[in-house]
Amino acid sequence: ENNNMSAEPHVHKNPMALQLMVICYIVVVLIGCSPEMSETTRPASKTKSTFSGEGEQYINRFLNKKFWYGLYIEGKKFGYMNYGFYSKQKDQKNVIVLETNTTANTAIEGQESTSKSVEKIIFDKESGELLGCSVESNESVGNKNDGHTAVKNNGVWVITDQAGKKRETPVSVENYNFKGFFADDIWVSSRPQIGDKMKGHAFECETMEYFEYTSEIIAIEPTLISGSRVKVYDILLNLKETAITLKILEDSRLWSTQLGEMEFRLESENIAKNNLLSMDVFKPIQIKNPIDDYERLNFVKLKISKDQPLSDIQESFQQGVVKNDENTFTVSLGSKTAIRQKLQQSDYEKYVAASFEYPADQLEISNLARKITGNAKTEDEKIWSILTFTSNTLIDDYWSNSQNVLEILRSQKGDCSEHAKLFVTLARAAGLPAREASGLVYNNDEEKPGFSGHAWAEVGVDGHWVGVDPMWGERVITPIRIKFNDLASTVSKLKIEILETQYNFKASDEEIERGRELNDKKDYETEITHWRALSEKGDAFAQFKLGYKYYSGAQGVPKDYKAALKWTHRAAEQGHALAQHNLGIFHANGEGVEASLRDSIFWFNKAANNGDLQSAYYLAEAYEKGESVPKNREMAFDLYKEVALEALLSE
């Protein structure tokens with residue numbers, strides 16, 4: 001049925017264009033679905049207004065932002081699209097407009113054609129009601145144009161085509177509004193569980209129809225994107241008798257959609273619009289077995305291979321390389337390799353110099369570097385100061401693509417590349433040779449372990465290059481990074497095999513229990529001797545315990561903040577969450593070290609990322625007040641919410 005439409009139906013003569021229409025429509029479906037909850041669905045909280053609560057959070061987070069996607073078929077890019085929403089005034093009303101733009105290269109009757117389309121969905125900004133829409137498309141072959149505008153009026157859609165001809169069709173779903181349109185995104189932000197389902201309606205402007213759909217959470221997986229650890233919700237969506245696989249990130253951004261052999265992927269603008277580039281290089285390279293407890297890793301040997309000649313992999317900081325043949329390398333990572341690249345005399349001039357990319361000589365940058373490192377007396381102290389500043393200043397945002405350092409500082413957001421670029425620029429401004437490094441880093445996904453794209457930095461210390469990670473806040477990088485000179489050309493179809501792993505010492509359960517028993521027996525002197533012996537061997541828990549003993553000054557040792565700081569710091573560098581939390585306290589109170597709110601927040605951030613709720617609460621307060629981190633109510637709210645949810649679950 002055509003619902004009394006008087007206009008002739010639009011006939012798609014190009015099968016590729018038809019598929020493209022479907023998959024691009026899925027974007028609108030994902031960001032625009034009106035829900036009806038099933039029995040297993042965990043509904044979002046009910047609110048009085050469309051733009052209150054979760055709806056308001058969504059608006060505040062994504063208004064005036066664009067998201068870009070590369071369009072692929074059988075792995076080959078054939079186009080790109082973007083969508084975003086913004087507010088404006090229309091017909092004396094304040095409205096919100098969702099705009100989607102698509103460009104694709106297709107073939108029509110043997111001729112190459114570029115098709116473009118623009119779709120706009122319009123909502124009342126006060127009530128959230130769907131008011132109207134427009135769609136316009138054209139194909140370069142034959143210069144064909146099509147489209148219409150539609151306005152809701154007393155329960156019917158008044159539709160005007162490009163020739164000015166009008167027709168009407170009933171509004172089949174009443175009370176369709178903005179919050180319903182973005183229901184899937186808000187659903188993900190409410191943390192649904194595997195098996196949860198949603199039913200609802202999606203609206204398509206091209207046909208002016210509402211379609212029923214169902215979606216189900218089939219998996220929730222952690223992944224690594226540009227250095228950020230992110231949860232991904234896998235959703236199976238059934239629409240118009242078509243099964244579509246979706247991946248939505250925990251912050252409600254649609255990451256990818258798979259429809260048969262056609263796929264679109266969230267990418268940066270410059271990559272999405274370039275047919276020769278693909279974000280596929282940042283998809284994890286899976287390995288068979290996970291590297292357990294990777295933060296204790298001190299050595300790993302890898303076999304890196306490809307089905308075709310592999311670009312040379314160079315030795316670097318703690319990275320030893322043996323070329324077996326044209327297609328295979330053995331790479332060893334860790335201090336055991338004893339690889340320490342010397343700084344050449346030419347390196348000092350080259351890597352301290354200011355440039356367009358690293359404007360270390362600009363007054364704003366040089367003054368900032370001087371302020372950050374003002375109390376630093378050694379190269380190591382300078383590096384720590386710049387590292388903590390960079391880590392605190394930039395909110396992790398894995399789709400930021402700022403090339404200008406001043407822009408990075410003003411936006412206060414960035415992925416691993418922005419963190420590395422800012423660190424390098426400030427280091428150079430402080431007189432330290434520094435350069436960016438890029439390659440792969442291990443992700444600790446237990447179900448799909450592997451290596452993902454990442455960027456970090458190298459800085460000159462005592463005449464040698466050493467690695468630091470400004471995004472992950474590592475002064476000495478753990479041996480889970482493989483440096484490549486040309487990541488994009490190397491990583492495609494790469495295979496990685498773990499040949500050998502070695503770890504820092506970890507005490508046995510019996511040894512830990514022995515220390516606790518000594519405490520219960522009040523044999524404090526023997527207990528301290530026991531913890532110290534395990535600490536000297538490198539056990540993180542023992543180091544944490546010994547640090548606390550010195551801090552409290554009870555049960556066998558005198559109060560000694562310097563010793564407490566030493567052992568707690570060693571445990572914290574191995575990823576011990578409580579030790580990281582305690583370091584935050586030391587720096588906040590100036591106990592054993594000069595008081596520094598910046599250093600305190602740095603360690604609270606690391607502890608919070610390792611699951612420490614008290615640190616997450618302190619970090620939330622810092623974001624709320626803008627203390628040593630950007631003032632950001634959204635980040636504060638998310639952290640407070642996380643603390644509250646975890647506290648409820650633990651009851």
**Study point:** Residues that D396 engages under side-chain contact (heavy atoms from CB on, under 4.5 Å), provided they are two or more places apart
**Key:** S228, H419, M471
**Study point:** Residue list, side-chain hydrogen bond (donor to acceptor under 3.5 Å, both in side chains) with S615, at least two apart or on another chain
**Key:** H581, D612
Point to revise | Pairs involving residues 348-370, ordered by first then second residue, that meet ring-ring contact (aromatic ring centres under 6.0 Å, His included) (sequence neighbours left out) | key: Y351-W465
Practice item. Could you list the residues that satisfy side-chain contact (heavy atoms from CB on, under 4.5 Å) with A376, not counting sequence neighbours? Key: T373, E381, K382, S385
Listed pairs under 3.5 Å, donor-acceptor, residues 618-631 side chains, sequence neighbours left out:
unit_1: Y618; atom_1: OH; unit_2: Q614; atom_2: NE2; d: 3.3
unit_1: E624; atom_1: OE1; unit_2: Y640; atom_2: OH; d: 2.8
unit_1: S628; atom_1: OG; unit_2: R598; atom_2: N; d: 3.4

Check your understanding: Quick one: side-chain hydrogen bond (donor to acceptor under 3.5 Å, both in side chains) partners of K545, sequence neighbours excluded?
Key -> none
Exercise for review: Quick one: list whatever passes side-chain contact (heavy atoms from CB on, under 4.5 Å) with K506, sequence neighbours left out.
Suggested key: D293, R296, D539
Study note, to complete from the structure: Applying salt bridge (Lys or Arg N to Asp or Glu O under 4.0 Å) to D307 and not counting sequence neighbours gives K495
Point to revise | Counterpart residues, side-chain contact (heavy atoms from CB on, under 4.5 Å), relative to E221 (two or more places apart) | key: A219, D234, K247, E447, K448
Study note, to complete from the structure: Residue pairs meeting salt bridge (charged side-chain N to carboxylate O under 4.0 Å, His left out), one or both in residues 449-460, sequence neighbours left out, come to R435-E458, E458-K483
Revision key, fill the gap. The salt bridge (Lys or Arg N to Asp or Glu O under 4.0 Å) partners of D312 (sequence neighbours excluded) come to K323
Practice item. Output all residues satisfying salt bridge (Lys or Arg N to Asp or Glu O under 4.0 Å) with E357, sequence neighbours left out; order by chain, then residue number. Key: K421
